[in-house]
Chemist: 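Once you've had a glance at the structure underneath, I'll fire off some questions.
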Amino acid sequence: QVQLVESGGGLVQAGGSLRLSCEAPGRTISAYAMAWFRQAPGKEYEFVAASSRSGGRIDYADSIKGRFSILRDNAKNTVYLQMNSLKPEDTAVYLCVADPGVDGARSLGRYNYWGRGTQVTVSS
C-alpha cells in the first residue's frame with residue numbers, strides 16, 4: 001500500500017498562487033507515475049496534470065496549461081503542483097494519485113493509489 005499525503009491547500013484570492021505538495025513517505029516515487037486530479041462541488045473528477053515515472057513526460061489539462069506546473073523531487077519523495085494566476089473556477093478538492101504501471105494517464109481509474117485530497121478555494 002502506498003500512502004500519499006497532500007498539503008498546501010487553502011483560501012487564496014483570484015490571481016494568487018499556491019503550491020500543493022504530495023508526499024509518499026517511505027516510498028521511492030521514481031517508480032511511480034504521479035498525477036493530480038480535482039473535483040469541484042457537484043462535478044466529476046477532472047484531470048489536471050501528470051508526470052511520467054522519469055519525469056520526462058508531462059501532460060497538462062488545457063484548462064490549466066500555462067498556469068500550473070507539476071514538479072517532481074524524487075530525493076524528497078514528493079511531487080508538487082505549482083498553481084499560479086488562480087481563478088475562482090479552480091476551486092476544488094485536489095487529489096494526488098500514483099501508480100507504478102501507468103505513465104501519464106488521464107484516467108483516474110488507472111491509478112491505484114490515492115491521497116485524501118486538499119481543498120483549494122479561490123475567491124473573486
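Model, not experiment: these values are computed from the prediction. Sequential numbering from 1 along the given sequence is applied to the chain's residues.
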Chemist: Tell me if a side-chain donor or acceptor on R27 pairs with a main-chain N or O of Q1 at a distance below 3.5 Å.
Modeler: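 Yes, because the side chain of R27 sits within donor-acceptor range (under 3.5 Å) of the backbone of Q1.
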Chemist: With salt bridge (Lys or Arg N to Asp or Glu O under 4.0 Å) as the criterion, how do R106 and D59 come out once you've worked through the C-alpha distance, each side chain's angles and the decisive distance to 0.1 Å?
Modeler: CA-CA 9 Å; R106 290 190 170 207; D59 189 21; 2.6 Å; yes
Chemist: May I have the step-by-step check of side chain to side chain contact (heavy atoms under 4.5 Å, CB included) for L108 and V97, ending in yes or no?
Modeler: CA-CA 8 Å; L108 183 57; V97 297; 3.7 Å; yes
Chemist: What's the shortest heavy-atom distance between L4 and A24, and which atoms?
Modeler: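 That closest heavy-atom pairing would be CD2-CB, 3.9 Å.
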Chemist: Considering all heavy atoms of both residues, which atom of E6 and which atom of C96 are nearest to each other, and what is their separation?
Modeler: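 The pair with the smallest heavy-atom distance is OE2-N, 2.8 Å.
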Chemist: Quick one: are V120 and T91 in side-chain contact, heavy atoms under 4.5 Å?
Modeler: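 No - every pair of side-chain heavy atoms lies 4.5 Å or more apart.
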Chemist: Using atom types as modelled and distance alone, determine if a side-chain donor or acceptor of T121 lies under 3.5 Å from a backbone N or O of L11.
Modeler: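 No; zero donor-acceptor contacts below 3.5 Å.
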Chemist: Check ring-ring contact (aromatic ring centres under 6.0 Å, His included) between F47 and all other residues, then give those that pass, not counting sequence neighbours.
Modeler: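 For F47 the ring-ring contact (aromatic ring centres under 6.0 Å, His included) partners, ignoring immediate neighbours, are F37.
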Chemist: Quick one: OG on S124 to CD on Q13, what's the gap to the nearest 0.5 Å?
Modeler: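 So the gap between those two atoms works out to 9.5 Å.
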Chemist: Is any side-chain heavy atom of N84 less than 4.5 Å from a side-chain heavy atom of F68?
Modeler: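 Sidechains of F68 and N84: no contact.
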Chemist: Can you check whether L95 reaches V93 side chain to side chain, under 4.5 Å on heavy atoms?
Modeler: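 Result no, sub-4.5 Å side-chain heavy-atom pair not found.
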Chemist: I want to check something: taking the side chain as every heavy atom from C-beta on, are Y113 and P100 in contact at a cut-off of under 4.5 Å?
Modeler: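 Counting from C-beta outward, Y113 and P100 do come under 4.5 Å.
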Chemist: Which heavy atom of L20 sits nearest to which heavy atom of W36, and what is that distance?
Modeler: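 Minimum heavy-atom contact is CB-CH2, 3.7 Å.
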Chemist: How close do Y111 and A98 get, counting heavy atoms only, and between which atoms?
Modeler: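 Heavy atoms only, the tightest pair is CD2-C, 3.7 Å.
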Chemist: Would you find a donor on one side and an acceptor on the other, under 3.5 Å apart, between the side chain of Y32 and the backbone of V102?
Modeler: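 Flag not set: sc Y32 to bb V102 has no pair under 3.5 Å.
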Chemist: Can I58 be reached from V48 by stepping across I, L, V, M, F, W or Y side chains whose heavy atoms are under 4.5 Å apart?
Modeler: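 Per the 4.5 Å side-chain linkage, V48 and I58 are co-clustered.
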Chemist: Say whether, by atom type as modelled, one donor and one acceptor occur between the side chain of S54 and the main chain of G56 under 3.5 angstrom.
Modeler: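 Checking the backbone N and O of G56 against the side chain of S54, a donor-acceptor pair under 3.5 Å is found.
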Chemist: Taking the side chain as every heavy atom from C-beta outward, state whether Y60 and S69 have any pair of such atoms under 4.5 Å apart.
Modeler: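 When only atoms from C-beta onward are counted, S69 and Y60 do touch, with a gap below 4.5 Å.
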Chemist: Give a yes-or-no answer on whether the side chains of R72 and S51 include a donor-acceptor pair shorter than 3.5 Å.
Modeler: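 Indeed, the side chains of R72 and S51 share at least one donor-acceptor pair under 3.5 Å.
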Chemist: Is there a side-chain contact between I70 and Y80 in this structure, where contact means two heavy atoms from C-beta onward sitting under 4.5 Å apart?
Modeler: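 The answer is no; the side chains never approach within 4.5 Å.
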Chemist: Tell me, do L18 and L86 make a side-chain contact under 4.5 Å, heavy atoms counted?
Modeler: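 When only atoms from C-beta onward are counted, L86 and L18 do touch, with a gap below 4.5 Å.
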Chemist: Cation-pi check for Y94 against R38: NZ or CZ below 6.0 Å from the six-membered ring centre and within 45 degrees of the axis, yes or no?
Modeler: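 No, R38 does not sit over the ring of Y94.
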Chemist: Are V12 and M83 connected in the hydrophobic side-chain network, where two residues link if heavy atoms are under 4.5 Å apart?
Modeler: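 Linked within one cluster.
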Chemist: For Q39, is there any backbone N or O sitting under 3.5 Å from a side-chain donor or acceptor partner on E46?
Modeler: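 No; zero donor-acceptor contacts below 3.5 Å.
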Chemist: Could you state the interatomic distance from CD (Q3) to CD (E23), rounded to the nearest 0.5 Å?
Modeler: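 With rounding to 0.5 Å, CD (Q3) is 9.0 Å from CD (E23).
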Chemist: Can you give me the closest heavy-atom contact between S17 and S85, atom names plus distance?
Modeler: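 Heavy atoms only, the tightest pair is OG-N, 4.3 Å.
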Chemist: Using a 4.5 Å cut-off on heavy atoms from C-beta on, say whether the side chain of V2 contacts that of N112.
Modeler: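 Side chain of N112 against side chain of V2, heavy atoms only: no contact under 4.5 Å found.
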Chemist: Give a yes-or-no answer on whether the side chains of T78 and D73 include a donor-acceptor pair shorter than 3.5 Å.
Modeler: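 Result is no, nothing qualifies.
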Chemist: Return the minimal non-hydrogen interatomic distance between R53 and A31, and the atom names on each side.
Modeler: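 Between these two residues, the closest heavy atoms are CD-O, 3.2 Å.
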Chemist: Among residues at least two apart in sequence or on other chains, which ones pass side-chain hydrogen bond (donor to acceptor under 3.5 Å, both in side chains) with K65?
Modeler: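 Once residues adjacent in sequence are excluded, the partners of K65 under the side-chain hydrogen bond (donor to acceptor under 3.5 Å, both in side chains) criterion are D62.
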Chemist: Side chain of R57, backbone of D103: donor and acceptor closer than 3.5 Å?
Modeler: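 A pair under 3.5 Å: yes.
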Chemist: Quick check: does any side chain N or O of N77 sit under 3.5 Å from a backbone N or O of I29, one acting as donor and the other as acceptor?
Modeler: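 Checking the backbone N and O of I29 against the side chain of N77, a donor-acceptor pair under 3.5 Å is found.
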